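A short write-up of the structure that comes next.
Because the structure is predicted, anything quoted here is derived from the model rather than measured.
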Amino acid sequence: MKIGLALPHLGPDATKENIIKLAVDAENEGFDSLWVAERLLWPLKPQTPYVATPDGSLPTFYQNVFDPIETLTFVAAHTNKIALGTSVIDMLFHNPVVLARRFATLDVLSEGRAICGLGIGWSKDEYQASNIPFKDRGKRADEFVQAIKKIWTEDVVEFKGQFYNIPPSKIGPKPIQKPHIPIYLGGYAPKTFARIANHADGWLASLGGPLDFLNNSIKSLRDQASKASRNLDEIKILTLTFPQITLSEGKKNNTSDNSKSGGQPQRFPLTGTIEEIGRDIQTIKEMGVEHIMFAFVGLGLDKVVDIAKQLSKFAR
């Protein structure tokens, strides 16, 4: 199983110095990848509530977010071999020609290290700011992924769709990776899995619930791949996780609302001691996840690499 780390490109820790230090340390310690996210806005009165907070507001660290591709391009100049991925860029807030060229430029400048993780977003405020209708997001995404693949692989690019049209054109540079930069899509909806099966290289899951839910989602994805006559080995599965570390068995920092028999609260996945989280990682690996990424919230940058190294032994 490959292992990646989220870069400190958002919130109060987002500085040039912190980004360079974590990137260089991660590469020196043999980690496989570095990851960034995208957030356009921190709306004061969200039209779409954020599901992970009681009042629906986004965490305050989303008020300060470095651009994902510019951050990875900067990191590419300070590293040599570690892969550079987005988890995720909300594709519909961008023009496919412009975004495809930005990714291709990253791939060329990094000598073939780019990973393209895309989503369709959920915030009506961000759709409004991007001047994109919230309706027909899935149909737009189908076209978007097909368009960027054409831009990356065809000498003369032409695309005619309902939402995107590209006149016959030469568009460069082309990525170093062949046939193209790997494309992984985020999301859990059945239509997302169909989109992956038909147009993408794999699924980029974000683990925010029970491991059974992840396992059942993987089965659903594989069912869609079979319907699309895709070789299951072609569909890669990556997952972004948010480990919450505690120092002892008796002190948990996160529990679910469900109860085991006897009234004891269940431990939420990827929370607890190193050993408890390690067992979760082993379970995730057994499900067929090939690449796991750790995003530590509130841990302290000085501890990120060390804790990630301790968790890595369970994934190798």
Side-chain angles (χ1 to χ4, degrees), residues 4-23 26 33-75 84-94 99 102-103 106 115-132 134 137 141 184-189 192 204-209 238-245 253-254 268 270-271 293-304 307-308:
L5 296 179
L7 284 167
H9 75 296
L10 46 80
D13 290 330
T15 67
K16 177 183 72 173
E17 293 77 15
N18 287 343
I19 289 170
I20 293 174
K21 178 170 174 37
L22 184 58
S33 58
L34 296 167
W35 295 82
V36 292
E38 180 178 52
R39 186 90 276 138
L40 294 187
L41 306 172
W42 193 89
L44 299 182
K45 298 179 180 180
Q47 297 179 57
T48 310
Y50 186 62
V51 296
T53 57
D55 64 355
S57 65
L58 274 72
T60 55
F61 55 75
Y62 282 129
Q63 294 178 10
N64 182 53
V65 182
F66 284 25
D67 183 89
I69 296 182
E70 272 77 354
T71 299
L72 293 180
T73 304
F74 176 73
V75 167
L84 307 168
T86 58
S87 178
V88 292
I89 282 181
D90 294 321
M91 67 182 103
L92 303 184
F93 304 157
H94 303 268
L99 190 62
R102 293 174 69 200
F103 266 109
L106 171 63
I115 300 174
C116 178
L118 301 174
I120 63 173
W122 52 268
S123 169
K124 291 183 179 179
D125 298 283
E126 292 184 332
Y127 270 86
Q128 181 178 325
S130 303
N131 198 30
I132 298 294
F134 199 70
R137 292 175 295 159
Y184 303 109
L185 303 183
Y188 282 86
T192 297
L204 211 168
S206 180
L207 184 61
L238 300 76
T239 185
L240 177 65
T241 65
F242 303 87
Q244 297 290 318
I245 310 296
N253 64 344
N254 197 348
F268 198 81
L270 275 293
T271 67
M293 296 87 81
F294 301 136
F296 298 101
V297 179
L299 178 63
L301 286 176
D302 58 325
K303 301 177 182 176
V304 166
I307 294 295

Any donor and acceptor pair, going by atom type alone, linking the side chain of [X] with main-chain N or O of [Y] inside 3.5 Å?
| X | Y | value |
| --- | --- | --- |
| Thr73 | Leu106 | no |
| Glu126 | Leu41 | yes |
| Trp42 | Pro59 | yes |
| Tyr50 | Ser123 | no |
| His9 | Ala37 | yes |
| Thr48 | Lys124 | yes |
| Asp125 | Pro46 | no |

Between [X] and [Y], which heavy-atom pair has the shortest distance, and what is it?
| X | Y | answer |
| --- | --- | --- |
| Ala26 | Leu34 | CB-CD2, 3.8 Å |
| Leu240 | Ser87 | CD2-OG, 3.6 Å |
| Phe268 | Gly208 | CZ-O, 3.4 Å |
| Ala141 | Leu92 | N-CD2, 3.9 Å |
| Ile115 | Phe103 | O-CE2, 3.8 Å |
| Phe242 | Leu207 | CD1-O, 4.1 Å |

Would you mind reporting whether [Y] and [X] have side-chain heavy atoms less than 4.5 Å apart?
| X | Y | value |
| --- | --- | --- |
| Glu38 | Thr86 | no |
| Leu99 | Ile69 | yes |
| His94 | Ile89 | yes |
| Pro243 | Thr271 | no |
| Ile120 | Met91 | yes |
| Trp122 | Asp90 | no |
| Leu7 | Leu72 | yes |

> Got a sec, which residues hit side chain to side chain contact (heavy atoms under 4.5 Å, CB included) with Ala308, two or more places apart in sequence or on another chain?
Replying inline: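 So Ala308 forms a side chain to side chain contact (heavy atoms under 4.5 Å, CB included) with Leu5, Phe31, Phe294, Phe296.
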> Considering residues, nucleotides and ligands other than Asp302, do more than 12 of their heavy atoms fall under 6.0 Å from its CG?
Replying inline: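 Yes, the 6.0 Å shell around CG holds more than 12 heavy atoms from other groups.
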> Going by the side-chain hydrogen bond (donor to acceptor under 3.5 Å, both in side chains) test, which pairs reach into residues 63-72, not counting sequence neighbours?
Replying inline: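 Sorted pair list: Asp67-Arg102, Glu70-Arg102.
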> Do Leu10 and Tyr62 pass the side chain to side chain contact (heavy atoms under 4.5 Å, CB included) test, and can you show the C-alpha distance, the side-chain angles, and the key distance before you say yes or no?
Replying inline: CA-CA 6 Å; Leu10 46 80; Tyr62 282 129; 4.0 Å; yes
> Relative to each other, are the rings of Tyr127 and Phe93 parallel, tilted or perpendicular (30° and 60° limits)?
Replying inline: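 Geometry flag for Phe93 against Tyr127: perpendicular rings.
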> What residues, two or more places apart in sequence or in another chain, satisfy salt bridge (charged side-chain N to carboxylate O under 4.0 Å, His left out) together with Arg137?
Replying inline: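 Partners of Arg137 under the salt bridge (charged side-chain N to carboxylate O under 4.0 Å, His left out) test: none.
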>> So, taking the atom named NZ in Lys21 and the one named CG in Leu301, what distance separates them when rounded to the nearest 0.5 Å?
In response: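 Result: 9.0 Å between the selected atoms.
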> Got a second to check how far Met293's CE is from Thr239's OG1, nearest 0.5 Å?
Replying inline: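 Reported value, rounded in 0.5 Å steps: 7.0 Å.
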